[in-house]
2 protein chains.
Amino acid sequence: MQDALIRKLESFEELSDADRAALRTFVPRVRQVSARTDLIQEGDLPGDVHLILDGYACRYKVLPDGQRQIMAFFVPGDFCDLNVFILDQMDHSIGTISPCTVAEIPRQAIENVITHHPQVTKAMMWCALVDEAVLREWLVNNGNRQADRRIAHLFCELLLRLEAVGRVSDNSYAFPFTQHDIADTMSLTSVHVNRTLQLLRGLNLITLQHRVLTILDVEQLKAYCDFNPNYLHLRNARWSGRRQVPWLSSVQGG
Amino acid sequence: MQDALIRKLESFEELSDADRAALRTFVPRVRQVSARTDLIQEGDLPGDVHLILDGYACRYKVLPDGQRQIMAFFVPGDFCDLNVFILDQMDHSIGTISPCTVAEIPRQAIENVITHHPQVTKAMMWCALVDEAVLREWLVNNGNRQADRRIAHLFCELLLRLEAVGRVSDNSYAFPFTQHDIADTMSLTSVHVNRTLQLLRGLNLITLQHRVLTILDVEQLKAYCDFNPNYLHLRNARWSGRRQVPWLSSVQGG
DNA sequence: CGACTTATTGATGCACTTCAAGCGACGTGG
DNA sequence: CCACGTCGCTTGAAGTGCATCAATAAGTCG
């Protein structure tokens with residue numbers, strides 16, 4: 001199962017045999033985690049690094065008044081906390097949305113790799129930078145678009161990210177989020193999310209039933225929300241041009 | 001002037017003599033840049049890395065409809081684009097707010113350091129991760145607080161960040177931002193920013209005149225907006241406990 | 001089947017936007 | 001040295017996207 005890690009990193013940087021060998025020296029635990037369960041909580045010392053093999057998770061923060069803000073979604077193939085393992089203390093939490101299969105990579109192993117394997121280090125920096133680019137786009141999205149475009153934008157983003165890991169078929173993908181989850185992501189109320197989803201359905205842009213989202217007309221939806229995928233830094237040459245990630249194949253259960 | 005770079009990084013990680021020597025081998029150019037000038041633009045290939053020695057700058061994106069979203073502020077001592085130099089293409093722009101003194105560090109030098117100096121690499125990762133933590137807090141702030149608390153939160157953040165580099169005296173600091181800049185940061189209109197500033201003044205929380213912001217009662221302002229500084233990861237032990245950054249001393253001109 | 005979570009719908013209110021106009025400070029050219 | 005344009009700040013009036021409150025319907029799971 002270390003292969004999952006190696007393949008993920010290789011999608012960003014070519015690795016040497018030595019790099020790969022080094023990554024194989026540590027054996028990550030693989031855990032099944034049920035839905036709506038925290039992997040790490042605010043205040044914790046960052047421990048092992050989590051890689052999602054299957055299922056959806058999110059990064060979130062809870063305000064003093066009880067409001068929850070979701071700050072990132074994780075889909076199969078994503079590191080949850082590569083970017084914070086180096087910090088002193090978690091300033092947010094990470095929790096599952098659906099049941100997840102999670103690989104846990106010892107922190108010490110990562111430290112070791114940084115010291116001895118610069119290519120691997122660069123690949124990990126790539127991961128972190130793409131994460132940050134997505135976060136920036138969320139700030140733009142939440143701040144400057146109104147609810148319908150905002151939600152459409154999220155749907156487009158998830159489509160591309162899931163496509164990149166082979167989790168989309170016929171423009172449909174698993175969508176285990178509740179309307180409340182979307183609300184906490186987009187800084188809306190679930191009531192308004194509900195009404196907005198009805199609007200998008202009414203425009204024949206999407207269907208969403210039984211936790212499966214279908215985008216009826218991708219180009220039209222992209223145009224609807226001015227979607228520009230450059231921030232995902234997917235680079236077709238890397239993602240589509242290379243092998244389809246084979247370690248991600250099972251179907252996501254809601 | 002390489003010392004600026006070394007001191008910045010040492011505030012995150014102890015460096016060896018060899019690390020320091022390596023950093024000294026490349027000579028950054030130091031440039032004066034006038035206010036309202038782009039250092040890099042969306043679409044550019046990331047080139048040299050920019051370190052602000054004096055003045056204020058920002059990271060921003062312009063939407064198709066002309067809306068500008070500011071996604072980060074840079075104050076003296078901040079790297080502007082350490083976090084994107086590795087990427088293929090800029091997905092946003094970086095521009096000055098006030099006149100700035102900027103050190104430009106060759107990209108190749110940074111690549112070199114990643115390969116041979118892991119401690120320096122870790123220090124750079126620290127910088128990037130703190131940037132990202134601030135960005136996350138902005139998402140929370142913009143999404144969940146209303147205008148008065150939101151702006152108060154920004155004032156608190158700038159206070160702490162500027163204090164850390166010795167740019168605050170008597171709870172006052174240079175504030176070269178226009179109300180329009182604040183609006184584009186907080187996803188508000190400048191009209192509403194104006195009214196909100198009047199509110200904060202009326203509550204005797206701040207004064208803001210001649211581009212100088214004074215916080216009249218820091219504790220009260222923090223309480224007003226539920227400010228929790230943990231996300232800045234300043235760690236008193238590192239910042240205040242150590243020497244006051246001596247390479248940042250001149251006064252910021254509006 | 002019963003308890004609980006999630007989705008839906010309606011009525012009302014407000015934070016913020018939009019549009020529009022006026023004001024003061026500053027710099028520049030005649 | 002004053003006329004004039006520009007830019008940032010200020011103020012008012014009217015409109016709206018979304019929130020809030022509240023109740024009901026429709027899953028979903030043990």
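The sequence lines fix the lettering, A, B, ..., with proteins before strands; numbering per chain opens at 1.
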Got a salt bridge between [X] and [Y], using NZ or NE/NH1/NH2 to carboxylate O under 4.0 Å?
X: B:Arg161; Y: B:Asp78; result: yes
X: B:Lys61; Y: B:Glu42; result: no
X: B:Glu163; Y: B:Arg167; result: no
X: B:Asp181; Y: B:Arg68; result: yes

- Query: What does nucleotides 22-28 of chain C look like as a protein-contact string, B for base, S for sugar-phosphate only, - for none, at under 4.0 angstrom between heavy atoms?
  - Reply: -------
Grab the [atom1]-[atom2] distance between [X] and [N] for me, whole Å please.
X: A:Leu197; N: C:dT8; atom1: CG; atom2: P; value: 8 Å
X: B:His210; N: D:dG8; atom1: NE2; atom2: P; value: 17 Å
X: A:Leu199; N: C:dA7; atom1: CG; atom2: C1'; value: 17 Å
X: B:Gln198; N: D:dT10; atom1: CD; atom2: P; value: 6 Å
X: B:Met186; N: C:dT17; atom1: CE; atom2: P; value: 12 Å
X: B:His180; N: D:dT6; atom1: NE2; atom2: P; value: 18 Å
X: A:Asn194; N: C:dA11; atom1: CG; atom2: P; value: 16 Å
X: A:Arg211; N: C:dT6; atom1: CZ; atom2: C1'; value: 7 Å

Just distance, no hydrogens or angles: give the donor-acceptor pairs under 3.5 Å from side chains in residues 216-226 of chain A, sequence neighbours left out.
from, atom 1, to, atom 2, distance (Å)
A:Asp217, OD1, A:Glu219, N, 3.3
A:Asp217, OD1, A:Gln220, N, 3.1
A:Tyr224, OH, A:Asp148, OD2, 2.7

Less than 3.5 Å apart, any donor N or O on the side chain of [X] or [Y] sitting next to an acceptor on the other?
X: B:Gln41; Y: B:Asp44; value: no
X: A:Thr101; Y: A:Gln32; value: yes
X: A:Asp38; Y: A:Tyr60; value: yes

- Query: Which is true for B:Arg201 with a 4.0 Å heavy-atom rule: it touches a base, it touches only sugar-phosphate, or it touches nothing?
  - Reply: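 Result for B:Arg201 = sugar-phosphate.
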N/O donor to acceptor pairs below 3.5 angstrom from side-chain atoms of residues 195-208 of chain A, sequence neighbours left out:
from, atom 1, to, atom 2, distance (Å)
A:Thr196, OG1, A:His192, O, 2.7
A:Gln198, NE2, A:Asn194, OD1, 2.4
A:Arg201, NH1, A:Leu208, O, 3.0

- Query: Over its full length, what angle do the end axes of the helix from C:dC1-D:dG30 to C:dG30-D:dC1 make, each axis taken from five pairs and the result rounded to 10 degrees?
  - Reply: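 Comparing the first five pairs with the last five, the axes sit 40° apart.
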- Message: Restricting to non-hydrogen atoms, name the atom on B:Ala35 and the atom on B:Thr37 that form the minimum distance, rounded to 0.1 Å.
- Response: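 Of all heavy-atom pairs spanning B:Ala35 and B:Thr37, the closest is O-OG1, 3.1 Å.
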Show me the protein contacts with nucleotides 15-19 of chain D, counting only N or O atoms at under 3.5 Å.
from, atom 1, to, atom 2, distance (Å)
D:dC18, OP1, A:Ala147, N, 3.0
D:dC18, OP2, A:His192, NE2, 3.3
D:dC18, O5', A:His192, NE2, 3.4
D:dA19, OP1, A:Thr189, N, 3.2
D:dA19, OP2, A:Thr189, N, 3.1
D:dA19, OP2, A:Thr189, OG1, 2.8

- Message: Using the ring-ring contact (aromatic ring centres under 6.0 Å, His included) criterion, which residues pair with A:Phe177? Sequence neighbours excluded.
- Response: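 So A:Phe177 forms a ring-ring contact (aromatic ring centres under 6.0 Å, His included) with A:Tyr56, A:Phe73, A:Phe175.
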